[in-house]
Amino acid sequence: MLDKDLREWLNAPADQPPPRTAGDGDAYPVDDGAMSGDSLSDLWTPEDQADAPTTRELGQALLDAGAVTAGQLNNARQVAEKTPSKPLADILAEMGADEPAVQKVVADNAGLPFERIDLDKLDPGKHLERLGLDYCAEHGMMPLRPAGSRLVLGLIHPDNLLLIDEVRHRLGVSVKLVVICRTDLARAVEHFKQDETSENEIDVDDIIGDIEEDDVEVVEQSKEEVDLEKMAGESPVIRFVNYIIYTAVKEGASDIHIEPFEKKLKVRYRIDGVLFETMNPPHQMHAAIISRLKIMANLDISERRLPQDGRIRAMIHGRKLDLRLSTLPTPYGEKAVMRILDTRSIQVSLDELGMGEDNLLMWKHQINQPHGIILVTGPTGSGKTTTLYASLGQMDRNTLNISTVEDPVEYNLQGITQTQVHEAISMSFAKALRALLRQDPDVIMVGEIRDRETATTAIQASLTGHLVLSTLHTNDAPSSITRLINIGVEPYLIGTAVNACLAQRLVRRVCRHCARQVTPEEPVAEHLALHGVAMDQVWKGAGCDKCRNTGYAGRVGLYEMLVLDDVLRDRIAGNPNVTEFRRICIERGMQTLRQDGFAKVALGTTTVEEVLRVTESTI
């Protein structure tokens with residue numbers, strides 16, 4: 001039976017870790033004090049489980065229920081000894097035992113309901129689309145139907161806690177678990193595959209027939225524009241590739257993924273930081289689609305064994321876009337990923353990034369300093385480039401000599417000298433930076449500090465009267481200082497040169513078209529109370545056509561601003577560890593990412609779930 005702690009965790013916030021276990025194979029949490037407070041709030045209890053039986057050894061429970069015979073059980077146990085990774089219930093089903101009867105006992109033993117899947121009543125909605133049919137089949141589960149604000153999730157193996165947590169995290173909803181049969185799951189998967197196949201055939205025909213003229217144009221390196229629609233009659237693949245690109249831009253996607261599998265081809269768009277499966281073209285079109293993309297990017301279509309990178313310059317309804325294409329060999333063919341580089345995404349001012357008033361004033365003050373280093377830190381895709389470009393746009397490009405060193409140069413900026421590194425010819429960040437210092441610069445932006453040589457050169461530049469902006473990959477602002485120490489820079493130099501560090505993350509905005517006030521559940525309420533957010537300030541998107549029924553549309557930044565004062569500079573000179581230094585920074589008034597996130601929750605900009613998804617607890 002799932003005990004109280006375990007049941008609570010199943011519906012806890014998606015970033016909460018699973019309960020610790022007493023040992024291998026023991027599915028019961030150890031109450032050592034680690035799971036206290038908001039992580040142990042009572043969330044829900046499976047229906048009709050108040051008097052559930054005490055957990056017994058599954059084999060004995062199956063015998064007592066008459067689901068298997070003693071001979072079947074003994075044979076299955078012998079097989080299980082040789083294949084310990086295979087569940088006993090699966091072995092019995094393969095040996096001819098009555099699977100529904102076995103799964104009924106598995107459900108009773110876990111304290112969960114048992115259900116047979118009725119295809120007529122099956123209603124997975126968008127959840128199946130987001131998880132993917134192959135993923136559900138591989139992991140033995142199926143979203144069955146909504147149940148209020150929760151999702152009824154059918155599982156073959158209800159003790160797979162990591163899978164349950166992953167599903168909750170991917171879907172962003174609470175789940176109610178039921179146990180199902182593998183045969184029922186196979187029927188459901190086959191049912192949806194047939195629907196998918198018929199839909200795909202219709203979709204491809206419609207796509208090829210409905211592309212409008214001038215939807216997509218490719219811009220050759222010679223700047224001569226070629227209208228792809230003029231060639232549409234030569235091959236339907238050209239029109240289909242045009243449609244993929246056109247739709248991605250229309251949906252506001254940042255990346256396009258074209259992924260081949262054994263019998264399936266997936267096209268997924270990354271929208272607001274989350275991947276959505278949008279279409280499944282016929283698998284036989286895969287090679288032609290990849291070849292078409294390679295032709296557009298001037299790559300070698302005959303080379304399929306090595307990764308290739310290229311750039312596509314396109315015009316969509318008169319709007320110039322760059323697409324950075326990357327291909328990667330896989331067992332089932334080449335996977336292609338295109339990053340959509342839209343200059344409109346970086347043409348935003350600092351005031352539009354979502355910084356709080358205090359952080360914004362401090363950041364504007366820092367980028368107007370005559371010298372020093374300013375660092376922006378965060379993982380890939382956290383908006384660092386947008387922040388840096390917005391900062392450069394704030395500067396007077398007529399009176400200042402502003403130069404950048406990037407890998408690669410993704411966006412062209414007017415009035416700024418941009419240099420691209422080329423490791424193949426030893427044109428590294430450090431070498432390019434040293435060359436820029438002889439170009440009489442006022443402001444230098446270094447794409448990333450990766451090694452000691454680049455860091456040392458950047459510090460020397462800041463100490464000789466230049467303002468240097470750069471990025472690092474760290475989890476928070478204080479970690480930037482310790483990262484520089486770890487790569488070999490002397491602490492006293494860091495304390496002297498670095499002016500400020502800005503850590504950031506991106507969270508999805510609540511869709512303004514379907515936003516509504518909600519009453520938070522108990523665990524969410526505890527987080528809100530901890531951060532001083534009133535219960536009537538919580539907003540959530542109900543889901544509509546404008547936001548693809550996700551409740552979110554667009555993104556906003558969370559920021560952690562660390563400005564170094566004399567006290568912190570003295571601490572840096574003593575080479576502090578990151579935990580101690582972070583504690584000191586918070587004591588000196590630094591607002592953490594999570595605190596900034598809950599401030600945005602109070603404004604109705606985002607949700608508690610989004611803040612918890614991208615930040616870690618620091619209190």
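FYI, side chains are in, hydrogens and waters are out, and symmetry mates aren't considered; it's all heavy atoms of this structure.
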**Asked** Would E609 and R613 count as a salt bridge (charged side-chain N to carboxylate O under 4.0 Å, His left out) if you check the C-alpha gap in whole Å, the side-chain angles of each, and the deciding distance to 0.1 Å?
**Response** CA-CA 6 Å; E609 291 80 5; R613 178 176 68 87; over 6 Å; no
**Item:** Side chain T377, main chain T474, donor-acceptor under 3.5 Å
**Value:** yes
**Asked** T605 versus W539: any side-chain heavy-atom pair under 4.5 Å?
**Response** no
**Prompt:** For R582 and E560, what are the C-alpha separation, side-chain angles and deciding distance, and is it a salt bridge (charged side-chain N to carboxylate O under 4.0 Å, His left out)?
**Reply:** CA-CA 12 Å; R582 181 174 182 79; E560 180 176 282; 3.2 Å; yes
**Message:** Can you tell me if E357 has over 12 outside heavy atoms packed within less than 6.0 Å of its CD?
**Reply:** no
**Whether over 12 other heavy atoms sit under 6.0 Å from D545 CG** = no
**Fill in**
Closest non-hydrogen contact found for L171 with R130 is O-NH1, 3.5 Å
**Fill in**
Taking every heavy atom of V611 against every heavy atom of R594, the minimum-distance pair comes out as CG1-O, 4.1 Å
**Asked** If you count the non-hydrogen atoms of other residues, nucleotides and ligands that lie under 6.0 Å from NZ in K364, is the total more than 12?
**Response** yes
**Message:** E610 vs K600, test: salt bridge (charged side-chain N to carboxylate O under 4.0 Å, His left out). Steps then yes/no.
**Reply:** CA-CA 11 Å; E610 278 294 291; K600 288 181 170 63; over 6 Å; no
**Heavy-atom side-chain proximity of T327 to L293 below 4.5 angstrom** = no
**Message:** Is any side-chain heavy atom of Q366 closer than 4.5 Å to one of L502?
**Reply:** no
**Request:** Please confirm whether R450 makes a cation-pi placement over F429, using NZ or CZ under 6.0 Å from the six-membered ring centre and within 45° of the ring normal.
**Result:** no
**Asked** What heavy-atom pair brings L558 and G597 nearest, and what distance separates the two atoms?
**Response** CD2-CA, 3.6 Å
**Message:** Strictly distance-based, threshold 3.5 Å: is any side-chain N or O of D272 a donor or acceptor partner for the main-chain N or O of G554?
**Reply:** yes
**Request:** Supply the atom-to-atom distance I572 CD1 to F581 CZ, rounded to the nearest 0.5 angstrom.
**Result:** 4.0 Å
**Prompt:** Heavy-atom distance under 4.5 Å between the side chains of E580 and I584, does that happen here?
**Reply:** yes
**Asked** Side chain of R270, backbone of S254: donor and acceptor closer than 3.5 Å?
**Response** no
**Asked** Taking T471 for the side chain and V376 for the main chain, is one N or O donor matched with an acceptor at less than 3.5 Å?
**Response** no
**Request:** Could you tell me the separation between the CG atom of L413 and the OG1 atom of T417, rounded to the nearest 0.5 Å?
**Result:** 10.5 Å
**Request:** Answer whether the closest heavy-atom distance between the side chains of T482 and N577 falls below 4.5 Å.
**Result:** no
**Side chain T456, main chain E453, donor-acceptor under 3.5 Å** = no
**Message:** Quick check: closest heavy atoms across G541 and V510, and the distance to 0.1 Å?
**Reply:** N-CG1, 3.6 Å
**Asked** Using 4.0 Å as the upper bound for N to carboxylate O, is an ion pair formed by R571 and D565?
**Response** no
**Message:** Around atom NZ of K294, are there more than 12 heavy atoms from other residues, nucleotides or ligands closer than 6.0 Å?
**Reply:** yes
**Request:** Output, in order, the C-alpha distance, side-chain angles, deciding distance and verdict of side-chain contact (heavy atoms from CB on, under 4.5 Å) for Y389 and M445.
**Result:** CA-CA 9 Å; Y389 281 176; M445 188 193 88; 3.8 Å; yes
**Request:** Could you tell me which non-hydrogen atom of S462 sits nearest to which non-hydrogen atom of V468, and how far apart they are?
**Result:** N-CG2, 4.1 Å
**Any residue meeting salt bridge (charged side-chain N to carboxylate O under 4.0 Å, His left out) with R397, in chain and number order, not counting sequence neighbours** = none
**Asked** Roughly how far apart are I258 CD1 and I290 CD1, rounded to 0.5 Å?
**Response** 5.0 Å
**Any side-chain heavy-atom pair of V614 and L593 under 4.5 Å** = no
**Request:** Check whether any side-chain heavy atom of L306 sits under 4.5 Å from a side-chain heavy atom of P329, and report yes or no.
**Result:** no
**Asked** Taking atom CG of D396 as the centre, does the number of heavy atoms from other residues, nucleotides or ligands within less than 6.0 Å exceed 12?
**Response** yes
**Asked** Taking the side chain as C-beta and beyond, is there a heavy-atom pair between P260 and T330 under 4.5 Å?
**Response** yes
**Item:** Qualifying residue, where the test is side-chain contact (heavy atoms from CB on, under 4.5 Å) with R508 and the options are T606, I271, V274
**Value:** V274
**Prompt:** So, Y559 side chain and G354 main chain: donor-acceptor pair closer than 3.5 Å or not?
**Reply:** no
**Asked** Could you walk me through whether Y269 and I256 pass the side-chain contact (heavy atoms from CB on, under 4.5 Å) check?
**Response** CA-CA 5 Å; Y269 296 156; I256 304 171; 3.9 Å; yes
**Message:** Main chain of E406, side chain of Q418: is a donor-acceptor contact present, judged purely on distance under 3.5 Å?
**Reply:** no
**Asked** Minimum heavy-atom separation for E277 to E129, with atom names?
**Response** O-OE2, 3.9 Å
**Request:** Please confirm whether the backbone N or O of V498 pairs with a side-chain atom of R569, one donor and one acceptor, at under 3.5 Å?
**Result:** yes
**Item:** Spacing of CG belonging to N359 relative to CG belonging to L350, to within rounding of 0.5 Å
**Value:** 12.0 Å
**Value rounded to 0.5 Å, distance of OG1 in T404 from CG in L436** = 8.0 Å
**Asked** Can you tell me how far CG of D596 sits from CZ of R505, rounded to the nearest 0.5 angstrom?
**Response** 12.0 Å
Identify every side-chain donor-acceptor pair in residues 381-388 under 3.5 Å, counting partners at least two apart or on other chains, and give the distances.
| unit_1 | atom_1 | unit_2 | atom_2 | d |
| --- | --- | --- | --- | --- |
| S382 | OG | P379 | O | 2.7 |
| K384 | NZ | G378 | O | 3.1 |
| K384 | NZ | P379 | O | 3.0 |
| T387 | OG1 | G383 | O | 3.2 |
| T387 | OG1 | Q504 | OE1 | 2.7 |
| T387 | OG1 | Q504 | NE2 | 3.3 |

**Request:** Would you check, one step at a time, whether the test side-chain contact (heavy atoms from CB on, under 4.5 Å) holds for I373 with L375?
**Result:** CA-CA 6 Å; I373 292 182; L375 297 172; 3.7 Å; yes
**Prompt:** Would you find a donor on one side and an acceptor on the other, under 3.5 Å apart, between the side chain of H286 and the backbone of E334?
**Reply:** yes
**Request:** Would you sort out whether I402 and D442 count as a side-chain contact (heavy atoms from CB on, under 4.5 Å), showing the intermediate values?
**Result:** CA-CA 6 Å; I402 304 173; D442 296 299; 5.9 Å; no
**Asked** Would you say H466's side chain and A461's backbone share a donor-acceptor pair under 3.5 angstrom?
**Response** yes
